[in-house]
Each structure stands twice: as C-alpha cells, then as structure tokens.
Protein chains: 4
Amino acid sequence: MSPRRRDTEGTAAARAGRRAELLATAAEVFASRGYAATTVREVADAAGILGGSLYYHFDSKEAMADEILSTFLDDMWAAYERVLGAGLNARDTLEAIVVESFRSIDRHRPAVVIYQNESKHLATSERFRYLNESRRRFQEMWLNLLERGVREGAFRADLDAGLMYRFIRDTVWVAANWYEPGGRLSADDIAKQYLAMFLEGIQANGSQEPEPGDARTS
Amino acid sequence: MSPRRRDTEGTAAARAGRRAELLATAAEVFASRGYAATTVREVADAAGILGGSLYYHFDSKEAMADEILSTFLDDMWAAYERVLGAGLNARDTLEAIVVESFRSIDRHRPAVVIYQNESKHLATSERFRYLNESRRRFQEMWLNLLERGVREGAFRADLDAGLMYRFIRDTVWVAANWYEPGGRLSADDIAKQYLAMFLEGIQANGSQEPEPGDARTS
Amino acid sequence: MSPRRRDTEGTAAARAGRRAELLATAAEVFASRGYAATTVREVADAAGILGGSLYYHFDSKEAMADEILSTFLDDMWAAYERVLGAGLNARDTLEAIVVESFRSIDRHRPAVVIYQNESKHLATSERFRYLNESRRRFQEMWLNLLERGVREGAFRADLDAGLMYRFIRDTVWVAANWYEPGGRLSADDIAKQYLAMFLEGIQANGSQEPEPGDARTS
Amino acid sequence: MSPRRRDTEGTAAARAGRRAELLATAAEVFASRGYAATTVREVADAAGILGGSLYYHFDSKEAMADEILSTFLDDMWAAYERVLGAGLNARDTLEAIVVESFRSIDRHRPAVVIYQNESKHLATSERFRYLNESRRRFQEMWLNLLERGVREGAFRADLDAGLMYRFIRDTVWVAANWYEPGGRLSADDIAKQYLAMFLEGIQANGSQEPEPGDARTS
DNA sequence: CATGAATGAGTGTTCATTCAT
DNA sequence: AATGAATGAACACTCATTCAT
C-alpha cells in the first residue's frame, strides 16, 4: 500500500468520520433539547466548533435531521427485513422484531427519540415524506403480523388489532427516552422483559409461578 | 340583585370563560405543532385575535403552558387521590388508576400531549418545577402499587419493577397522541383493553380461553 | 361625517401612507446603495425604525423591491397606453413617449434606478417574471414605433432598427441615475433636449433652423 | 538558457497567465451576477477551483475588482490619449473617441459592465478613488471637446452642454450591457451607427440622403 | 497551487413581548 | 378587550477570509 493510497483513504475516511461525529453530536442535542428548540449554535458548541462551520458539512439544520433519521430508518428496516425474510411463525417473528427494535434503540437512541418526538411535525415537509411512508409500512407490518398470529392461534382474538398495534409500537419506541446504552439492563434484557409483559401480562397466574393459592383465585 | 352586580358577575364569568376558551385553543395548537415550534401569533390566529391581544389575558407564552399543564395535573391528581383513598387492593387500584388515566386523556387530551412531549424541556425552568415533582410522585405511586401487588400475589414477581413502571406509564400517556375523544372507542373501552393487555398479555393461552394442550405449556 | 367614519378612514389612510412612506425610503436606499448591497437594517435605519419592524409591513426584502418596481411599471405603462391610444403619427408618438418616460423618471426616480441596475438579476426569480414581460412589451412597442416611423417617412431608413431601439431606450432610462427632481432642468425640459438630440443630432446643420418644407411641419 | 531559467520564466509566465485567466473569469461572473451579489465561491466554481484557492492569487474580492477595473481604465485612457494627441478637429476627435470607446467595450466588455453598474458604490472606498478621478477626467475631456466643437461650428450651440455630455457618455457605455463580441455587428459597425445617430439624428431629412452639396460628403 | 476545514462578522428573518390608542 | 405598530434579541444561514496540510 503506497503512502499516497493510504493518504487518500485516510482523507476520505476522515471526512466520513467527521460527518458521522458531527451527526452523532447533533442527534444527541436534538434528542435532549428537542429539534425545534435546539439552535444550530448549540449543536456547534457541543461539537466544539462555531455555528457557521456546521454549514461546511451540512446544507441546513433540516439536512442534519434528515440524515440522522434516514440513517436510523434504513438500518432498522434492514434488520426488520432480515427477520421478515426468515420464515418464522408469527410468535417468533414478533419476538425477533421486538428484539431488533430494542437493538435499534441501542444503536440509534438519539435518532429514535427524535423520530418519536418530532416526526409528526417534520413529516409535513416534503423532504421528510419518507417518515410517513415508513410509518405506513410499519403499521402494515404489525397489523399483518398480529392478524397472522391470531390465525395461527398464537395471539388472542378478543383484542382490538389496531389497539394492540399501537400498544406495542408506542411502548417499544418510547423506551428510547429512558434507555441508556451500557446501563444495568442490556437491550436484549429489556426486550426479553417487554416480551414477557406483552405476551403473558404482568398479572400473576398459574402458568407463570405455578403454585396453589394464587391471589387471583382467592 | 342590582343590574350592576349582575353585570359584574357576568363580566367576571365572561372573563373566566374567555380565558378558558383561549387556553383550550392554545393547548390544541401547542399539542398539534409542538410548544417550541408554535408561535404566539398562531395561537392568536386560531383564537381569531391578534398576537398582542393575548397579552391582555396572559403574561406570557410560558404562562399559558403553565396554566394548561397545572390544570391538567391538578385534575388528574384529584382523581388519583380519590382512587388511592378508596382502600382497594393493588389489582383493583391498578385498574382504577388506568381507567382514571384514560379519562384524564379524554378530558385533557391536548394538555397530555404537551405534557408528554415538552415536560422534559420545560421542567428545566424554575416555573415548571412542579412537573418534576409530579413525575416523582407518579413514579413513587406506581412503584409502591406494583410492589404491593407483588406482595399481595396479584402481580408477577419475576419482572423488573422499574421496567414494569415505565412500561405502563409510557403506554398509557403516549396514547394521548392518537386518541380522539368521541371516536370509535371510548376512554373506558380503551382502558379495558389496555388492562387486558397489561394484565394478561396478548398471547393466547388457557387462562384466557381455557383449552387443553395450550402451546405455552407444551 | 361621523367621527367614527373619519377615524376609520384616517386609520386606513394612515396605514397606506405608512406603507408608501417606507417604500419610498426603501427605494431611495436601494437605488443609492444597490439592492443586493443594501441591508434591511439600512433601510430601517433610514426609516427611523428597527430592522425587524419592517417585517410588520412587508413580507421580505424582495417584497419591497417587488412593490417598488411593479408600482412604477404599472404607472409607466398606464401613461404609455394613453399615448399609444391617442392615434398620433409615429413622430408625435415618439415625442410623447419620451416625454412620458422622463415624467416617469420624475415621479419614480429611485424605482427607475433600481429597475435599470437590478432587473437583470431580479428577473431570474419567479416573482419578478413580470420584469421580463415588461421588457418584451417595451421592445415590441419601440420596434413597432420605429418601423412605423420609417414607413411614414419620419425616421431614417438607413439605421439598424435594433440599434436605434437600444439607443433610445438606454439613453432615456439611464438618465434616472443623474436626474434630480426639482433641479435646474425639469423633466419636460430634458425630454425636449433629448428629443432634439435623438431626432436632429448634435451636429450643426441647416435643417435645425426652421425652414419651409421641413418634414415635421408637413 | 538553462533549464532552470526556462522553468522560472515558464512559471512566471504561467502564473501571469493563470492570473489573467482567473481575472477574466471573475470579470465575467461579476458582470453577469453583479459584484455585490457574486460570491467568491461562484467565481471559484466558474474557474474550477475551490473558494479558498483564489486567495493564493488575490488578496481579496476587492482586489479582483480593482485589477479588473484599473486594467480596463488604463487601456481605455491609453487609447484616448493617442486620439487626443493626434491634433484632430473636434468633430473628428469625437468620432475617434466614440470608436475607441466601442473598441474598449469589445476588449473589456465585462469590465465595462462592472464599471457601469458598480463604480458608484465602489468609489466610496479609498481603494477605488481612481474611479472618481477617471470620471472627472472623462467629464472634463468631453465638455472640452463639445465646447470646442461648438466654437468650431461643428456642433449645435442650442443644446445644453452638460446634457449632451451625459447623453453621449451614458449611451456609449450602457451598450456594454447588450454588446456581444463576435456578434452580427462589430464594434466599429456599432460605432459608425451610433455616430450617425448622435451627429445627424434619427429623423429623416434631405441632408441624410445623398445629394449634391451634402455636408457629409464634403 | 490547491484543498478542506474552520472562522466570525453579518444577513434576512422570526418572534415573544410591549404599549399607546 | 383588542388593535397596530414597534422593539430587540435571537435565529438559521451566508460568505469573505484564513491556514495547516
């Protein structure tokens, strides 16, 4: 490898690296202060540069949000596609999707927070139309999955499908607001517990802690 | 009753009515556009007056948010207190609290949305310190309730209490984002379905539709 | 006339008056410093208010330029139409058009300067498309007029029509750069002298001293 | 001649060539977009380099305009001096000056456009004081020439000298805005036609159509 | 010679707020 | 109660300029 080639690679890599670095910083700040309430200067301060300097790397504040969100969504959907293509039954698919969702939160926590809090407003702009498309696709995926689960006898038939969908969707994504990567519980730990709650409920019963004299029956 | 007195009363009542009217409008607009992204002029436009005229009724934009949120929280806590003072067991208390939460959403939907989306940022200001206090009180109430439920044998002991707390809290409040008062499902309907999901899970099993050979036990 | 009515009229008139006042100030500043090089604050300073206050009256800097230019063009074309509809021969029409042009300069000097210096750049924006239309219409009018004059035997046939058109057009409008309303020479004085130069040339010769059989009197 | 010397010469020549190239590009862009409205990056883009790289060649944006304008003015005045030193009568001097002016436009079209549009604003800066001097010298030259022409019986005495001066000055220079080098009419063609208009007017009369004893043919 | 990244002052514009009427 | 006009600080963004490489 010639020094020249190494140089070029280093430069290209460095550029991409700087971009990613700045985006990570911006995502963090947008997530914690809110996109609309965050000034470009605050992002720049957090990155240790001046406000105007961000515009060397990005076209606009909107462009930053765009890149943050689309990177997250692309990554998340890639993971979802792998799961959906695996030919699992509804129950196992749901488990895998939930696990992948928490892993997405783990990898893109600030982006998920932004998605959660701002996508409704952002989606009114042409540039963020893909947020609506993602939302539609997401809803379709979940409704299909839940209906299939009911047909397969894996999920209850007495619950409103639309409600179940919102219930799971909201609960998973909103967790990004408090999840801390590297904390006491890993993303997979949390996924496991959430699945237990989703699937079996928080109520004590025989099949969970098999013992006579369960309070529910008293 | 002199005409004068009646006049004064009428004026006072009218003033209070106008205030409430404007607050309702402001809450709607804050909820749909986001507090930070909403301009005072947008609120005024929605109310059919000019921007400056709002300052006859309110000291500031912050004061509007303050009144919207504290009105909602006062009302919600009053309902919670009634439940907590009723001497119910943990399981019934949980059901009643969830029901009251959805009723709060029904009565204060825009305020709940604002609370959900903005309280984290607003709470950094002195004026909104009570948001943090409410949050602490809320968390304490739930953790106590869940622990009591475990002791009473009503709730599973194998789940992380903190996780259960967040699970229920988030799921209930975030519903304000899509709930439409007067829609297909009433607040009480939704509460009932949510409770079914929380307590029993979405998975088909014997305790819900008792049948031998349930997949879970095989 | 009731005081009420007078009040309303006064308010409406005052509003229109303020607008016109600010536009006149803006036109002056744009004309003297150049549109692009003029800051909104400079316009505001000249008007004795703060930069942001201009935005109560106008949507944008561009909107000011727009209103300045379109007001001028509307007024000018109205005057031209009166002339063109009067059924004069080419020679008299040319004189009247030139006179009206200098009167337009007299009434809208700063606007004419802006038109002269900035219309080429402004016209690239959608909003100022009418500048190009006006230019096209202007050119058509002049070429028709000059050709008609040649047919009527009033103007020389040995000169390039396009060149004649540009010659007159440029020379008239560029005069806005130095013309001072209320100066030594009135707009009509200057028009008369310019017509003498256009029509007869600056060269001394016999045809300028009236003699029988002059084409102008035929 | 050593390779070294040749190299140095080549480099020096190349540098001067690159400079001239960049200046020509800059002049073109300044002329078409307006000096104030043109960004250094636009100039650099047009030259195929990055914005910062221009600063290897020039100290500042102002320095580019300076060099563009002074090069043009030096060249133009050199041509004027040759004419003025030739001992011609007023009439022939005027013709020669006009011809040289159109040749200057031919050689320096973008510079003339910049001069026309921006010199008023630029001249307020110390660095461009020479623009005012050139203007004064220009005016003096023309007024002297016109007055001499009147004394020599070549030009009409019934026209305002100041007006005649502005008339010719404006009309000639403003032509740079539409003149295209290499177009249908050469600079000398246009000069000839303009002189015909200036001197004889556009009005048809007997003296323009060749007849015995015509002053033009004598 | 040129680049890539940054600077920092300034630009058009927004907006919560004020206040005389 | 509400208006109309203004304020002034802040904002997103631009741009001439610098400089290490």
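Just so it is clear, the structure is predicted and the values come from calculations on it, not from any experiment. A note on names: the letters A, B, ... follow the listed sequences, proteins ahead of strands, and every chain is numbered from 1.
- Here the C1' atom of nucleotide E:dA2 and the CZ atom of D:F58 are 14 Å apart, to the nearest Å.
- Distance from the side chain of C:T39 is smallest for E:dT11 among the nucleotides E:dT11, E:dT7, F:dT17.
- Taking only distance into account, the side chain of C:R41 meets the base of E:dG12 through a donor-acceptor pair shorter than 3.5 Å.
- The side chain of C:Y55 lies closest to E:dT14, out of F:dC13, E:dT14, F:dC15.
- The shortest distance between side-chain heavy atoms of C:Y115 and C:I68 does not fall below 4.5 Å.
- Summarising the local packing, CZ of B:R41 is surrounded by 12 or fewer heavy atoms from other residues, nucleotides or ligands at distances under 6.0 Å.
- For the OP1/OP2 pair of E:dT7 and a distance below 4.0 Å, the side-chain nitrogens and oxygens of A:S53 include at least one atom meeting the criterion.
- Ring planes of A:H108 and A:F72: tilted class, angle from 30 to 60°.
- Look at the C1' atom in both F:dT21 and E:dC1: the space between them is 13 Å, to the nearest Å.
- Which of F:dC11, E:dA5, F:dA16 sits closest to the side chain of D:V40 comes down to F:dA16.
- Residues C:A36 and D:L54 both approach DNA chain E. Their nearest nucleotides, taken by heavy-atom distance, put D:L54 toward the 5′ side.
- With a 3.5 Å ceiling on both atom-pair distances, the Watson-Crick or G-U wobble partner of F:dC15 is E:dG8.
- Distances shorter than 4.0 Å separate some side-chain N or O of C:Y56 from OP1 or OP2 on F:dA5.
- Contact check for B:M64 versus B:F30: side-chain heavy atoms found under the 4.5 Å cut-off.
- Remark: E:dT21 base-pairs with F:dA2; criterion is Watson-Crick or G-U wobble with both hydrogen-bond distances under 3.5 Å.
- Nearer to the 5' terminus of DNA chain F, by closest-nucleotide assignment, is the contact made by C:G51 (compared with the other of D:S60 and C:G51).
- The phosphate of E:dA6 has OP1 or OP2 within less than 4.0 Å of a side-chain N or O from A:H57.
- At least one side-chain nitrogen or oxygen of A:R18 sits closer than 4.0 Å to the OP1 or OP2 atom of E:dA6.
- Heavy-atom distances to DNA chain E give each of B:G52 and D:L50 a nearest nucleotide, and the one nearer the 5′ end belongs to D:L50.
- Distance NZ (A:K61) to P (E:dT14): 15 Å, rounded to an integer number of Å.
- Looking only at side-chain heavy atoms (C-beta outward), D:V40 and D:Y55 come within less than 4.5 Å of each other.
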